[in-house]
J.: 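Would you mind keeping the following structure in view while I ask a few things?
In what follows, chains are A, B, ... by sequence order, proteins preceding strands, each numbered from 1.
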Amino acid sequence: MPELPEVETVMTGLKPALEKHRFTHVETRRKDLRIPFPKDFAKRLNGRKVIKLWRRAKYIMADLDDGETLVIHLGMSGRMAVFARSKSQKLGQFHYDAVPAEPEKHDHVIFDTDAPARITFNDHRRFGLMTLIDTDKIEQHKLFKDIGVEPLSGDFDAAFLKAALKGKKTPIKSALLDQRLIAGLGNIYVCEALWRAQISPKRRASRVKPGEIAPLVKAIKEVLQEAVKAGGSTLRDHKQVHGELGYFQHHFAVYGREKKLCQRADDGIIKRIVQSGRSSFYCPVCQR
DNA sequence: AGGTCAACCTGAGCGC
DNA sequence: TGCGCTCAGGTTGACC
């Protein structure tokens, strides 16, 4: 489900409940997600304080006060919700619901913190994961060693993309989805960025012309920034941590709009094709 | 080495 | 109401 903007939204929403707060109780309600929880996962978190919350690619990172980092991936359907345990029901500037009496179906992990708050991790498809790794070894860790550039950072520019696409025979759609090149793009935002840059998802990556590289970089950055500002896109699963929906889905130009009129080309009808098992939406008239 | 594809899992929506 | 099929924001490992 979540791509960079959704993960960023969730991470930011967790801050009032998590950053500079201590875990008072952690509970796992099954033995694994996509991968098993590390040994003594809940026990190791208990009593730990979160120094800093941040995001890398589609991962939420929580640096702890003992030199470990809690790593969370939401997979396709992962959700996190924050509930207030204080009487005022307020945490920072947001209003949160009170802790429900019973956990919901597929609530796999429950974190209580001294905010005081309860954070639940719900993931019905269980493609998500949680693990603990040494903070000073994140870059070398299996999950992160091959992860590419952050698309909203200064390192992602035309020179970088030009070099990354050079000689690539794979379609541009697949190249942009490759987390080893760019970290955090997913199916929605790649479709949207290619539409903005007027490039067909079927085009060979190496055939993106020099003059199209900078506009494509700009399109990627803009679509991600706008989506972050909108709190991400809610299709079925994504919610912000206090239950509010994201609303960038109302700004989709092509994603999920098969057979609808393209807003740029008068005679363009949005088409859906399948590329490496995923739907691509594009306008065959204005994207070449 | 580079590229493609099925598998992992549950649920929602649709046609019949 | 129910069955069977398709599809879903991601990642990985096996295969050509």
Side-chain angles (χ1 to χ4, degrees), chain A residues 1-11 29-36 55-60 71-80 104-108 121-131 141-148 151 164-194 201-207 220 223-224 226-228 230-240 245-259 272-281:
Chain A
M1 138 199 159
E3 306 182 33
L4 184 153
E6 291 75 31
V7 177
E8 181 77 19
T9 298
V10 170
M11 184 276 292
R29 307 184 69 243
R30 50 174 298 125
K31 64 180 192 322
D32 59 3
L33 296 170
R34 194 178 85 213
I35 59 173
R55 179 192 57 73
R56 171 79 173 109
K58 297 171 192 168
Y59 293 86
I60 294 169
V71 176
I72 301 172
H73 195 286
L74 301 175
M76 287 281 259
S77 56
R79 242 191 231 182
M80 300 193 80
E104 287 191 35
K105 195 174 180 187
H106 306 301
D107 275 352
H108 303 312
F121 174 88
N122 183 290
D123 182 10
H124 66 89
R125 292 179 76 182
R126 270 185 278 122
F127 289 170
L129 70 84
M130 260 184 228
T131 194
H141 190 273
K142 178 165 77 105
L143 289 174
F144 298 99
K145 65 180 169 58
D146 295 320
I147 295 285
L165 300 183
K166 194 176 176 183
K168 281 226 165 290
K169 294 192 180 108
T170 195
I172 184 66
K173 163 84 185 305
S174 312
L176 296 181
L177 275 178
D178 187 344
Q179 302 296 298
R180 294 170 302 184
L181 302 180
I182 306 170
L185 282 180
N187 206 31
I188 293 178
Y189 299 107
V190 165
C191 291
E192 293 297 315
L194 285 172
K202 293 191 286 189
R203 183 112 61 96
R204 259 190 190 205
S206 59
R207 299 273 173 80
I220 291 169
V223 76
L224 292 175
E226 289 170 28
V228 168
S233 302
T234 297
L235 297 188
R236 34 193 85 72
D237 297 316
H238 171 66
K239 278 188 188 173
Q240 304 192 38
L245 305 179
Y247 52 93
F248 190 72
Q249 66 279 8
H250 303 304
H251 300 277
F252 290 167
V254 286
Y255 187 84
R257 306 192 73 244
E258 186 185 12
K259 295 183 182 147
R272 173 181 173 270
I273 59 171
V274 175
Q275 293 179 287
S276 46
R278 327 266 331 252
S279 289
S280 296
F281 299 90

J.: Any luck finding a side-chain donor-acceptor pair between A:Lys173 and A:Asn187 under 3.5 Å?
T.: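 A:Lys173 vs A:Asn187: donor-acceptor pair found between side chains.
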J.: Measure the distance from OH on A:Tyr255 to C1' on C:dG10 and round it to the nearest whole Å.
T.: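 Value for this atom pair: 12 Å.
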J.: Taking the inter-plane angle between the rings of A:Phe144 and A:His141 on a 0 to 90° scale, is it parallel (under 30°), tilted (30 to 60°) or perpendicular (over 60°)?
T.: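 A:Phe144 vs A:His141 ring planes: tilted.
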J.: In whole angstrom, give the distance that lies between atom CD1 of A:Ile60 and atom P of C:dG10.
T.: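 Result: 15 Å.
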J.: A:Phe281 CZ to C:dA8 C1': how many Å, rounded?
T.: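 Checked: the CZ to C1' distance equals 10 Å.
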J.: I'd like to check A:Gln249 versus A:Ile188 (side-chain heavy atoms, cut-off strictly below 4.5 Å). Are they in contact?
T.: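 A side-chain contact under 4.5 Å is absent here.
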J.: When the distance from CG of A:Leu33 to P of C:dG10 is rounded to whole Å, what number comes out?
T.: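 So the CG-P distance, A:Leu33 to C:dG10, works out to 18 Å.
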J.: For a quick check of understanding: with a heavy-atom distance under 4.0 Å over all strands, which category does A:Arg204 fall into, base, sugar-phosphate or nothing?
T.: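 Nothing, no heavy atom under 4.0 Å.
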J.: Using the P atom in both, what is the distance from C:dC3 to B:dC9, to the nearest Å?
T.: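 Straight-line distance between the two P atoms is 23 Å.
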J.: Measuring from A:Lys202:NZ to A:Leu194:CG, what's the distance to the nearest 0.5 Å?
T.: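 A:Lys202 atom NZ to A:Leu194 atom CG measures 13.0 Å (nearest 0.5 Å).
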J.: Could you check how far CD of A:Glu258 sits from C1' of B:dC14, rounded to whole Å?
T.: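 So the CD-C1' distance, A:Glu258 to B:dC14, works out to 15 Å.
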J.: Reading nucleotides 3-13 of chain B 5' to 3', which nucleotides get B (base under 4.0 Å from a protein heavy atom), which S (sugar-phosphate only), which -?
T.: SSS--BBBS--
J.: Looking only at atom types and distance, does a side-chain atom of A:Glu6 sit under 3.5 Å from a main-chain N or O of A:Glu3, one as donor and one as acceptor?
T.: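 Yes, the answer is positive, given that a donor and an acceptor are paired below the 3.5 Å cut-off.
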J.: Work out how far the P atom of C:dT11 is from that of B:dA1, and round it to whole angstrom.
T.: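 My reading of the P atoms in C:dT11 and B:dA1 gives 23 Å.
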J.: Hey, is the side chain of A:Ser77 poking within less than 4.0 Å of OP1 or OP2 on C:dA8, counting only N and O atoms?
T.: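 Indeed not, no polar side-chain atom of A:Ser77 lies that close.
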J.: Would the distance check show the side chain of A:Thr234 and the main-chain N or O of A:Gly246 forming a donor-acceptor pair, the cut-off being under 3.5 Å?
T.: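 Pair found, side chain donor or acceptor close to backbone of A:Gly246.
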J.: List the steps and the verdict of side chain to side chain contact (heavy atoms under 4.5 Å, CB included) for A:Leu181 and A:Lys168.
T.: CA-CA 12 Å; A:Leu181 302 180; A:Lys168 281 226 165 290; 3.8 Å; yes
J.: Between A:Arg29 and A:Asp107, is there a donor-acceptor pair closer than 3.5 Å when you use the side chain of the first and the backbone of the second?
T.: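 Pair found, side chain donor or acceptor close to backbone of A:Asp107.
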J.: Whenever both distances are under 3.5 Å in a Watson-Crick or G-U wobble pair, mark it; put DNA chain C into dot-bracket that way, with [ ] for crossing pairs and | when the partner is on another strand.
T.: .|||||||.|||||||
J.: Just how far, in rounded Å, is C1' of C:dT12 from CD of A:Gln179?
T.: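 One finds 12 Å between C1' of C:dT12 and CD of A:Gln179, rounded.
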J.: If we ignore hydrogens and angles and just use 3.5 Å, is the side chain of A:Glu192 paired with the main-chain N or O of A:Tyr255 as donor and acceptor?
T.: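 Checking the backbone N and O of A:Tyr255 against the side chain of A:Glu192, a donor-acceptor pair under 3.5 Å is found.
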J.: CZ of A:Arg278 versus C1' of C:dT12: gap in Å, rounded?
T.: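 Interatomic distance, CZ of A:Arg278 to C1' of C:dT12: 13 Å.
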J.: Rounding to an integer number of Å, can you tell me how far A:Leu129 CG sits from C:dG10 P?
T.: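 One finds 14 Å between P of C:dG10 and CG of A:Leu129, rounded.
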